[in-house]
Amino acid sequence: MTTKSKKTKTAKKTKTAKKANKVGKSDKQTLGFQAEVKQLLHLMIHSLYSNKEIFLRELISNASDAADKLRFAGISEPDLLENNPELEIRVDFDRDAGTITVTDNGIGMSRDEVVEQLGTIARSGTAEFLNRLSGDQRQDAALIGEFGVGFYSSFIVADRVEVYSRRAGLASTEGVHWESDGEGEFTVAPIEIADRGTRVLLHLRKDEREFADPYRLRTLIRKYSDHIAFPVKMPVEQVAEEQEGKDQVKQDEDETVNAAMALWTRPRTEISEDEYKEFYKHLSHDFNDPIVWGHNKVEGKREYTSLIYIPPKAPFDLWNREAPRGLKLYVQRVFIMDDADQFLPLYLRFVRGVVDSNDLSLNVSRELLQQDANVEAIRTALTKRVVDMLSKLAKDEPEKYQSFWDEFGRVLKEGPAEDFANREKLAKLFRFSTTHTDSENQDQSLADYIGRKADGQEKIYYIASDSFNAAKSSPHLEIFREKGIEVVLFGDPIDEWFIGHLGEYEGLQFRDITRGELDLPDLKAEESNRNRDQQAEEHKELLERLQKELDGKVAEVRVTERLTDSPACLVLGEFDMGAQMRRLMEASGQAVPPALPIFELNPDHPLIRRLADESDAQRFEDLARVLFDQASLAEGRQPEDPGAFVQRLNRLLLDLSG
Ligand code: ADP
Ligand code: MG
């Protein structure tokens, strides 16, 4: 029998396995892991080998979460604490048996919870995530780290894992025993357990027995779990006893191995870089160090502490609307909820951290958070703090900032639309590709651009295509390249929308070079404006013929000032919707008003001259249409009728060779 739990849409574990596995109480049952769990277990054991010691951090982290949850539940239901309100975590070992035990007296799990939490991964996008793994150990280790391996990391060092758990508030007969060798199945059986909470018992693999050692365990706890807010206890070292040859020396005593104080409550000056980094890993389940962090205590009218981090990598589900995001919320050091997303705007959803408020009620709910003036004030302050932190990073450590931009730039671009107040600061944070470097690396700032602007230039010129390559080779750039005027190259589908919200920078408007009249800085414009009218007069006949030929497809046919190498290009009307916006709107099912492009010709181009001289009606038509469709292609668009385009082109090619 296998669990029939389906993948749930929400990020939280839900009780999908419940119905499928409901059985009589005394039964011991063998169940199958969800397919994704099997896959993850297999990959993890192989790729995380060099990080295997993290299993302890993960188990202690879970124990700490369980203690947090119980303390929170105890606010409204004090009975859950069962006369034992001292929350703690224990780590024990048995060198001879080769076992390690991690015990907590936190919230515990019911039978259904055990089956669900330890048998499935309910995080949405898991299957896609697993598909991205390559089989290359080193690459996959980093990816799995991003995903967060949690409880299953036990199987890196253990070939058998047992869990004993009893949910707070349930009878001692409602305990549950879970066991698995991590190969695909697990068993669950009812068992009597007097104390609430969870005990995880690892049977270490033969070659991992070195972990069952007091010195090793202490070192790991201090290294990874010092910041855990609950005491992590171990039996006092028996070494002393053996050495001194005395009986019963301190054998039954415990000592607290970690600092047992929530990290953010400690003064900044007393926290080491490593402690900050470890705390980040605990929060985020990330294996890598954060790029930067900020720790602040606010006192006065409102009192709260925040500790926020910028991760080094985008999580796999950054673009998943339902992915969990937000900060961990504490009220007066009591954990209230994960993923409190009211404390930061959506465009900063990659920020990880903790906020601990003294002003909110312990009974605060997600709904209440939405209307709380304290929350609003903290959100405004935290937003500013993150933006300032990024600004400082950009200034002081441009390389680190660049790595941040490469991961999160696209999210940050949502900023101007969402956060008008910080628009100017954000504008300084954006990075672009431009014709100055012609490189796909987005590493130029608006300040860089403005520093290079031409005499008399009062606009920021840009082109927005659906890819960097389409932008970079657009014919519209020809005149700008010739005149040495830099153009920003946008290649993200959201860029046109983004620019619409950004509007301007330091008084310079953004100007789309593919629309309206060519708009060059004054001095340069003079040169190129010179004989436009004269040209139009000169090519009047061709323009009229084309206008007739392309009737219904173009708003106007005119002589270009934009092109130096290409025969023709398409220009948007000054107020027409751009191609990107059009596609975005069409994709979201909205009606878009039709708009015909202006067809601009380069009369000096041999193909245009040939067109002007063409007397054969069919060939004129073929060449005119091919040139028109080509101009579409150069914008990254499809010809209206690709089949007809190919036929015409082939006819012309045959003519050539014939
Ligand atoms: P995560 O901690 O990211 O949720 P884990 O794989 O570490 O993922 O744990 C899976 C789930 O198992 C937890 O969310 C929790 O519900 C449950 N769990 C694990 N360990 C414990 C524990 N010691 N006490 C209570 N529940 C636990
Ligand atoms: Mg965990």
Side-chain angles (χ1 to χ4, degrees), residues 5 8 10-18 33-34 36-38 40-41 44 48 54-73 80 87-91 100-126 129 144-156 158 161-170 174-178 180 182 186 188 193 195-202 224-225 228 230 232 281-287 315-317 323-325 328 335 337-339 352:
S5 48
T8 54
T10 56
K12 295 277 159 256
K13 316 253 170 171
T14 53
K15 305 204 169 160
T16 47
K18 201 171 180 175
F33 284 116
Q34 181 195 29
E36 281 86 356
V37 177
K38 268 191 274 187
L40 184 69
L41 277 169
M44 196 180 56
L48 287 190
I54 55 113
F55 77 90
L56 192 64
R57 152 186 117 188
E58 294 298 327
L59 294 180
I60 292 176
S61 167
N62 285 349
S64 161
D65 290 347
D68 267 340
K69 283 181 201 159
L70 177 62
R71 195 158 60 176
F72 175 65
L80 290 178
L87 298 169
E88 61 174 42
I89 299 163
R90 295 187 47 87
V91 176
I100 294 175
T101 317
V102 178
T103 311
D104 66 72
N105 58 357
I107 190 86
M109 288 176 274
S110 67
R111 180 193 178 282
D112 288 344
E113 284 167 335
V114 166
V115 169
E116 177 69 22
Q117 322 280 28
L118 307 184
T120 64
I121 308 171
R123 208 167 150 188
S124 63
T126 301
F129 165 79
I144 288 179
E146 272 175 54
F147 180 77
V149 287
F151 170 77
Y152 300 119
S153 62
S154 316
F155 289 102
I156 311 173
V161 176
E162 293 181 73
V163 177
Y164 296 84
S165 194
R166 203 258 288 161
R167 170 102 191 172
L170 292 182
E174 302 264 324
V176 47
H177 175 236
W178 179 100
S180 177
F186 58 90
V188 266
I193 300 179
D195 299 325
R196 66 150 196 266
T198 302
R199 185 153 62 94
V200 179
L201 170 57
L202 307 184
Y224 291 120
S225 309
I228 293 285
F230 302 95
V232 179
K281 292 175 186 175
H282 163 70
L283 272 180
S284 65
H285 305 284
D286 194 344
F287 276 59
F316 74 97
D317 50 7
R325 58 170 172 266
K328 234 178 151 101
F335 167 78
M337 66 180 79
D338 281 310
D339 315 323
R352 294 305 185 107

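Remember, it's a predicted structure, so these values are computed and weren't measured experimentally. Position 1 is the first residue of the sequence; numbering continues from there. Both ligands and their constituent atoms are indexed starting at 1 by order of listing.
- Near Leu118, meaning under 4.0 Å from any of its heavy atoms, are these atoms of ligand 1: 12 (O).
- Under the ring pair (Phe, Tyr, Trp, His ring centres under 6.0 Å) criterion, His177 pairs with Tyr164, sequence neighbours left out.
- Residues forming a side chain to side chain contact (heavy atoms under 4.5 Å, CB included) with Asp317 (at least two apart in sequence, or on another chain): Arg123, Pro315, Asn320, Ala323, Pro324.
- Using a 4.5 Å heavy-atom threshold, the side chains of Leu70 and Leu80 count as touching.
- Contact check on Glu174 versus Arg167 returns no salt bridge, with no Lys/Arg side-chain nitrogen under 4.0 Å from an Asp/Glu carboxylate oxygen.
- Some N or O of Gln117 is nearer than 3.5 Å to an N or O of ligand 1, by distance alone.
- Of the polar atoms of Glu58, none of the N or O atoms is found under 3.5 Å from an N or O of ligand 1, judged by distance alone.
- Note: Phe151 and Trp178 have perpendicular aromatic rings, judged against thresholds of 30 and 60 degrees for the angle between ring planes.
- If you look at Asp104 next to ligand 1, the close heavy atoms, those under 4.0 Å, all belong to the side chain.
- The one candidate from Arg352, Lys328, Lys69 that meets the salt bridge (charged side-chain N to carboxylate O under 4.0 Å, His left out) condition with Asp338 is Lys328.
- For the Mg ion (ligand 2), protein N, O or S atoms under 2.8 Å: 1 in total.
- Considering every non-hydrogen atom in both Lys38 and Phe33, the closest pair reads CE-O, 3.8 Å.
- Checked against a 3.5 angstrom limit, the closest N/O atoms of Phe151 and ligand 1 fall inside it.
- Considering CZ of Arg111 and CD of Glu116, their distance stands at 11.5 Å, rounded to 0.5 Å.
- Every atom of ligand 1 with a heavy atom of Gly150 under 4.0 Å away is listed here by number and element: 5 (P), 6 (O), 7 (O).
- Applying the side chain to side chain contact (heavy atoms under 4.5 Å, CB included) rule to Ser225 yields the partners Ile60, Ile221, Ile228; only residues at least two apart in sequence or on another chain are considered.
- No hydrogens or angles considered: nothing links the side chains of Ser61 and Glu58 as a donor-acceptor pair under 3.5 Å.
- Numbered from 1 in the order shown, with element, the atoms of ligand 1 that lie under 4.0 Å from a heavy atom of His285 read 3 (O).
- The option from Ala66, Ser64, Ala63 that lies nearest to atom 25 (C) of ligand 1, judged by heavy atoms, is Ala66.
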